[in-house]
There are 2 protein chains.
Amino acid sequence: MKLTLRQMEIFLNVVSEGHLTNVAKSMKLSQSAISMSIKEMENIIGRPVFDRINKKLVLNEVGRAFHKEIDPLYKKLSDIEYEFKNSENKGMIRVGASTTIVDYLMPSIICSYMSSYPDVKITLKEGNTKEISQMIDEGSIDVGFVEGFVSSSNIIKEKVGVDELVVITADKKLVAPCYIDALAQKKWVLREEGSGTREIFLDYIKEKVEDLNIFFELGHTESIKSILMNRECLTCISKISVDTELKEGKLYQVGVKNFSCRRDFLMIYHKDKYHSALFEKFLFFSKKLMFQMLDSGQKVQFKAR
Amino acid sequence: MKLTLRQMEIFLNVVSEGHLTNVAKSMKLSQSAISMSIKEMENIIGRPVFDRINKKLVLNEVGRAFHKEIDPLYKKLSDIEYEFKNSENKGMIRVGASTTIVDYLMPSIICSYMSSYPDVKITLKEGNTKEISQMIDEGSIDVGFVEGFVSSSNIIKEKVGVDELVVITADKKLVAPCYIDALAQKKWVLREEGSGTREIFLDYIKEKVEDLNIFFELGHTESIKSILMNRECLTCISKISVDTELKEGKLYQVGVKNFSCRRDFLMIYHKDKYHSALFEKFLFFSKKLMFQMLDSGQKVQFKAR
DNA sequence: ACGGTCTAATCAACAATATCGATAAAAGAG
DNA sequence: CTCTTTTATCGATATTGTTGATTAGACCGT
């Protein structure tokens with residue numbers, strides 16, 4: 001036999017009112033319902049919680065201790081139930097994204113979203129496109145942001161922007177417009193093998209360039225930027241990851257002619273996903289901000305030329 | 001519509017097992033019972049808490065937040081229920097006692113009791129006999145300890161010892177055996193009017209002494225003892241309240257001939273009181289210790305003569 | 001001391017709902 | 001494609017909660 005919430009509710013009301021009959025009225029139940037409920041509770045606990053003194057029910061030593069424990073818990077439970085019934089903006093969203101997006105786009109999206117919906121917790125996982133889409137597939141994240149292509153038919157994909165890969169240097173001598181093959185023998189710093197950014201770039205130039213001089217390989221975009229500084233090197237990375245440095249004049253975009261290396265940013269989620277108001281809002285928010293950030297990126301690029 | 005404990009229990013099990021069918025087996029319910037319970041819960045909350053991804057039920061963003069809130073609460077509730085079902089020694093006893101008993105007997109009783117039953121909380125209220133018996137009558141305390149007589153027929157009285165009033169002084173010159181009337185004109189320090197101790201004493205000597213020289217009146221026994229020190233005064237108070245000072249030789253008992261002023265210590269409780277194991281143990285404990293303390297007090301008195 | 005008026009406890013009848021067993025639908029495994 | 005596994009659905013049934021009437025005890029004013 002187990003205690004029920006209803007019994008606790010009745011018990012707490014009886015304790016605070018003192019009289020069974022009043023509780024019956026205020027709860028719109030019969031007096032006998034209350035009486036039996038209390039009795040049932042005492043059976044479950046194994047001994048009375050009230051002393052029947054005169055007409056009143058007075059908590060006895062056991063009941064008092066019980067009340068002290070139950071009361072705050074019940075209140076909290078009620079609060080939680082109320083919250084979830086009434087507040088749309090309560091939840092915990094798990095987001096996955098690939099490195100570039102995690103580093104340069106998610107922070108401001110999450111930050112901005114959470115200032116509008118403070119009750120929502122967001123967790124962020126990093127992974128490559130394949131890993132992220134697998135997480136979606138098995139339901140271990142709610143939504144993912146990746147570059148490139150996703151194949152699974154269980155996954156819904158929405159294009160949320162275009163990622164532009166640009167050729168970057170810190171050396172002013174290299175900035176002058178030229179064709180890509182003219183730069184092939186300069187010192188190139190690229191991401192490691194297996195990186196999406198690297199593959200896209202090499203794939204894009206493979207018809208025009210026979211042999212690229214890969215001077216150094218690094219696992220993180222930030223490390224590449226450090227290496228670039230004050231050296232005669234080149235790299236090709238996401239425009240958004242060097243936005244700040246371009247504005248500040250620390251790095252320069254090389255005006256490569258006939259060079260337009262792009263890939264889509266995709267937002268992905270499982271087709272069976274239930275779209276709570278919460279979730280919908282997050283999707284909407286993310287899309288809006290993504291477009292904004294990528295647009296402004298392109299504008300800046302335009303001005304810089 | 002309200003959430004039930006059972007629903008939460010099922011929900012939590014489904015979350016931890018991941019599979020509906022396993023939960024059905026482990027809870028010895030049909031699979032459909034689980035399924036419907038979950039669905040009912042989602043109805044109550046107003047939106048799904050699981051995403052039905054492939055065969056699995058995976059918590060969605062709402063469910064995750066809900067689980068995080070519910071899980072610790074449910075565990076705590078289970079603990080409380082278990083505690084109260086299994087532990088006899090859980091409760092909160094409200095004790096009332098008159099001044100003398102509160103000051104000189106209850107501390108060691110409570111202290112000793114609580115070292116045997118650490119889960120029991122005891123609250124102590126002070127009041128005169130009338131106040132204490134009224135509290136018993138209306139159920140606002142569980143048990144009382146008083147001196148003197150209690151009239152109500154709703155109250156069960158048990159004699160737990162004899163309180164002896166003795167004549168005390170700090171002045172060695174006054175210690176010599178004599179009759180009470182010979183001391184009447186000495187300086188007497190008594191409790192204030194209305195005090196039980198004072199009334200008993202005055203009532204006891206009223207046939208033998210016409211006019212007692214009441215030099216000073218004080219509300220507390222401890223104040224009386226302070227006044228006595230190094231002065232040629234007398235008082236008549238409970239033997240137990242000056243036990244220590246007699247042993248240490250700071251105060252002396254006057255060997256008044258033909259003087260035997262006594263009153264009973266009573267333990268009282270309501271006739272309708274439910275006697276939990278807890279309560280019974282406390283009664284037993286109190287009686288035992290009362291007798292012990294009052295006996296030892298009398299032995300000391302005997303030796304001192 | 002006597003009904004009248006409270007109170008809580010009890011009981012059988014009824015209503016609500018939780019659970020069951022069977023079946024359907026969907027998806028992964030072989 | 002078939003077999004197995006898993007969840008959803010449905011009507012029937014068992015359990016549980018609730019009701020209304022009744023009983024019993026205590027208080028109140030006359």
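Every chain is numbered from 1 and lettered A, B, ... according to where its sequence line falls, protein lines coming before strand lines.
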Which nucleotide wins on minimum distance to the side chain of [X], given the candidates [options]?
{"X": "B/Leu29", "options": "C/dT19, D/dT18, D/dT7", "value": "C/dT19"}
{"X": "A/Lys271", "options": "C/dC20, C/dT10, C/dA27", "value": "C/dA27"}
{"X": "A/Leu57", "options": "C/dC20, D/dG20, C/dA9", "value": "C/dA9"}

Under 4.0 Å: is that the gap between some side-chain N or O of [X] and OP1 or OP2 of [N]?
{"X": "B/Arg52", "N": "D/dA8", "result": "yes"}
{"X": "A/Ser35", "N": "C/dA9", "result": "yes"}
{"X": "B/Arg6", "N": "C/dT19", "result": "yes"}
{"X": "A/Lys39", "N": "C/dA8", "result": "no"}

Minimum side-chain heavy-atom gap B/Gln7-B/Ile44 below 4.5 Å: yes
Any side-chain heavy-atom pair of A/Met267 and A/Lys159 under 4.5 Å: no
Touch class at under 4.0 angstrom, heavy-atom based, for B/Thr21 against every strand present: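 Base, at least one base heavy atom under 4.0 Å.
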Stacked cation flag A/Lys85 on A/Tyr82, 6.0 angstrom / 45 deg: no
Rounded distance (Å) that lies between atom [atom2] of [N] and atom [atom1] of [X]:
{"X": "A/Asp137", "N": "C/dA27", "atom1": "CG", "atom2": "P", "answer": "12 Å"}
{"X": "A/Met36", "N": "D/dA21", "atom1": "CE", "atom2": "P", "answer": "16 Å"}
{"X": "A/Ile10", "N": "D/dT16", "atom1": "CD1", "atom2": "P", "answer": "16 Å"}
{"X": "B/Lys2", "N": "D/dG17", "atom1": "NZ", "atom2": "P", "answer": "15 Å"}
{"X": "A/Gln31", "N": "D/dG20", "atom1": "CD", "atom2": "P", "answer": "12 Å"}
{"X": "A/Asp272", "N": "C/dA25", "atom1": "CG", "atom2": "P", "answer": "18 Å"}
{"X": "B/Glu17", "N": "D/dT7", "atom1": "CD", "atom2": "P", "answer": "11 Å"}
{"X": "A/Leu3", "N": "D/dG17", "atom1": "CG", "atom2": "P", "answer": "11 Å"}

Any side-chain donor near an acceptor of the partner, A/Thr197 and A/Arg263, under 3.5 Å: yes
Upstream residue (5' side of DNA chain D) when A/Ala33 and B/His19 are each assigned their closest nucleotide: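 Closer to the 5' end of DNA chain D: B/His19.
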Check: A/Ser37 side chain, D/dG17 base, donor-acceptor under 3.5 Å: no
Pairwise 5' ranking along DNA chain C for B/Glu40 and A/Lys25, keeping only the more 5' one: A/Lys25
Between A/Phe11 and A/Phe66, ring centroids under 6.0 Å: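 Distance test on ring centres: under 6.0 Å, yes.
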